[in-house]
Amino acid sequence: FIGYDNHIKVVANPKATPFTCGITNGKVTTVTDSTFIIKNLLPVTTLLSVYVKDKNGKPKLAFNKPYAYVPFPNIKISGVKCDSAITRLTLAAGTFYAEFKNIGKFPVKSFKMDMYINKEFVQDSSSTGRLTKKMLEYISSCKNGSLLYFKDLKFGTGDGVPKTEPIYRVFLIDDKKGALKVGL
C-alpha cells in the first residue's frame with residue numbers, strides 16, 4: 001500500500017533457519033524474528049527477496065516474491081469523492097468507505113469532524129463510518145457552499161493493519177439541487 005507502513009510475516013521452515021529480507025523498492029525494517037515493516041514505497045512492482053545463510057555463513061537467495069503496488073485510496077461517502085459537492089441528505093444517509101482502484105471497498109471504522117460553533121472550533125468523533133447526531137445537527141445549520149472537513153478516517157484492509165486517511169472535505173449544496181454531483 002503506497003503511503004502506509006506495510007507489515008509482512010515471513011516464517012522459515014525449518015523454524016530455526018536464520019534469514020534476512022530485502023526489497024527492490026522502499027525500506028524494510030525488522031520488527032521481530034519473523035515480522036517486518038516495508039515503507040516508503042514508490043508506485044512500482046516491488047520484489048521481496050528472502051536470503052538464508054549457506055554452510056559458510058554467506059547469504060544465499062531462498063526465493064523472490066513480486067508484489068504489485070496498491071494506489072492511494074479514494075475516500076467516499078455515498079459515492080462522493082473528496083473535494084466534491086454533496087447534499088445534506090446524501091451525507092445523512094451515507095457511510096464512509098475507502099475505495100482502491102481494481103481492488104475493492106473497505107469500510108471506514110472511525111473519523112473526526114471539525115465544526116465551527118459559536119466562534120470556536122469543536123471536534124466530534126464517530127466510532128463508525130456514519131455521521132453522529134451532533135455532526136448531523138451541525139450540518140443542518142450550515143449554509144450552502146460551506147466546506148465540511150473530516151479527518152483521521154481509519155479503515156482496515158486485507159493485511160489486518162489499520163490505515164488512516166488524513167482528510168476528506170466536501171462542499172455542501174442545496175438538497176433540491178442534489179442531482180448535480182461534482183467530481184464523481
Locate the shortest heavy-atom distance separating Glu165 from Ile75; write the atom from each residue and the value. CG-CG1, 3.4 Å

Can you tell me how far apart CE (Met113) and CD1 (Ile139) are? Round to the nearest 0.5 Å. 4.0 Å

Output a table of donor-acceptor pairs, distance under 3.5 Å, between side-chain atoms of residues 18-36 and any protein atom two or more places apart or on a different chain; print 'none' if there are none.
{"unit_1": "Thr24", "atom_1": "OG1", "unit_2": "Leu47", "atom_2": "N", "d": "2.9"}
{"unit_1": "Asn25", "atom_1": "OD1", "unit_2": "Leu42", "atom_2": "N", "d": "3.0"}
{"unit_1": "Asn25", "atom_1": "ND2", "unit_2": "Leu42", "atom_2": "O", "d": "3.0"}
{"unit_1": "Asn25", "atom_1": "ND2", "unit_2": "Thr46", "atom_2": "OG1", "d": "2.9"}
{"unit_1": "Thr32", "atom_1": "OG1", "unit_2": "Ser34", "atom_2": "N", "d": "3.3"}
{"unit_1": "Thr32", "atom_1": "OG1", "unit_2": "Thr35", "atom_2": "N", "d": "3.1"}
{"unit_1": "Thr32", "atom_1": "OG1", "unit_2": "Thr35", "atom_2": "OG1", "d": "3.1"}
{"unit_1": "Ser34", "atom_1": "OG", "unit_2": "Lys9", "atom_2": "NZ", "d": "3.2"}

Tightest non-hydrogen contact, residues Lys163 and Asp5, listed as NZ-O, 4.5 Å

Could you give the distance from CG (Asn6) to OH (Tyr67), rounded to the nearest 0.5 Å? 10.0 Å

Spacing of NZ belonging to Lys65 relative to CG belonging to Leu48, to within rounding of 0.5 Å: 8.0 Å

Under the side-chain contact (heavy atoms from CB on, under 4.5 Å) test, residues paired with Tyr116 that sit two or more places apart: Lys119, Phe121, Tyr138

Residues Lys154 and Thr164: side-chain donor-acceptor under 3.5 angstrom: yes

Could you give me the CA-CA distance, side-chain angles and deciding distance for Val80 and Leu91, then say whether side-chain contact (heavy atoms from CB on, under 4.5 Å) is met? CA-CA 9 Å; Val80 179; Leu91 271 171; over 6 Å; no

Examine distances only and state if a side-chain atom of Ser126 and a backbone atom of Thr128 form a donor-acceptor pair shorter than 3.5 Å. yes

Minimum heavy-atom separation for Ala98 and Pro73, please, with both atom names. CB-CB, 4.1 Å

Heavy-atom check, side chain of Phe100 versus side chain of Asn74, under 4.5 Å: no

Sequence neighbours left out, what passes salt bridge (Lys or Arg N to Asp or Glu O under 4.0 Å) with Glu137? Give chain and number order. none

Decide yes or no for Pro166 and Asp152: does some side-chain heavy atom of the first lie under 4.5 Å from some side-chain heavy atom of the second? no

In the structure I gave you, are the side-chain heavy atoms of Ile167 and Tyr149 within less than 4.5 Å of one another anywhere? yes

Looking only at heavy atoms, the pair that brings Ser125 and Lys112 closest together is OG-CG, 3.5 Å

Between atom CG of Asn144 and atom CG of Asp175, what is the distance when rounded to the nearest 0.5 Å? 8.0 Å

Hey, would you say the Phe111 and Tyr168 ring centroids sit under 6.0 Å apart? no

How long is the span from the OG atom in Ser146 to the CE atom in Met115, to the nearest 0.5 Å? 13.5 Å

Considering only heavy atoms from C-beta outward, does the side chain of Ile37 approach that of Lys39 to under 4.5 Å? yes

Please determine whether side-chain contact (heavy atoms from CB on, under 4.5 Å) holds for the pair Leu148 and Arg169, giving the CA-CA distance in whole Å, both sets of side-chain angles, and the decisive distance to 0.1 Å. CA-CA 5 Å; Leu148 303 175; Arg169 58 187 180 217; over 6 Å; no

Side-chain heavy atoms of Tyr97 within contact of Thr95, under 4.5 Å: no

Restricting to pairs with a member in residues 47-59, which pass side-chain hydrogen bond (donor to acceptor under 3.5 Å, both in side chains), not counting sequence neighbours? Ser49-Asn64

When you compare the side chain of Val122 with that of Lys134, does any pair of heavy atoms fall below 4.5 Å? yes

Distance-only polar pair, side chains of Asp124 and Thr132, donor-acceptor under 3.5 Å: yes

On a heavy-atom basis, which atom in Gly94 and which in Ser78 lie closest, and how many Å separate them? CA-OG, 3.0 Å

If you count every heavy atom of other residues, nucleotides or ligands that lies below 6.0 Å from Lys109 atom NZ, does the total exceed 12? no

What residue pairs, at least two apart or across chains, pass salt bridge (charged side-chain N to carboxylate O under 4.0 Å, His left out) with a residue in residues 16-25? none

Would you mind reporting whether Phe96 and Leu131 have side-chain heavy atoms less than 4.5 Å apart? yes

Between Val50 and Val10, is the side-chain contact (heavy atoms from CB on, under 4.5 Å) condition met? List the steps. CA-CA 9 Å; Val50 176; Val10 178; 4.2 Å; yes

Across all chains, not counting sequence neighbours, the salt bridge (Lys or Arg N to Asp or Glu O under 4.0 Å) partners of Lys151 are Asp114

Separation between CD1 of Ile86 and CD1 of Ile173, rounded to the nearest 0.5 Å: 8.5 Å

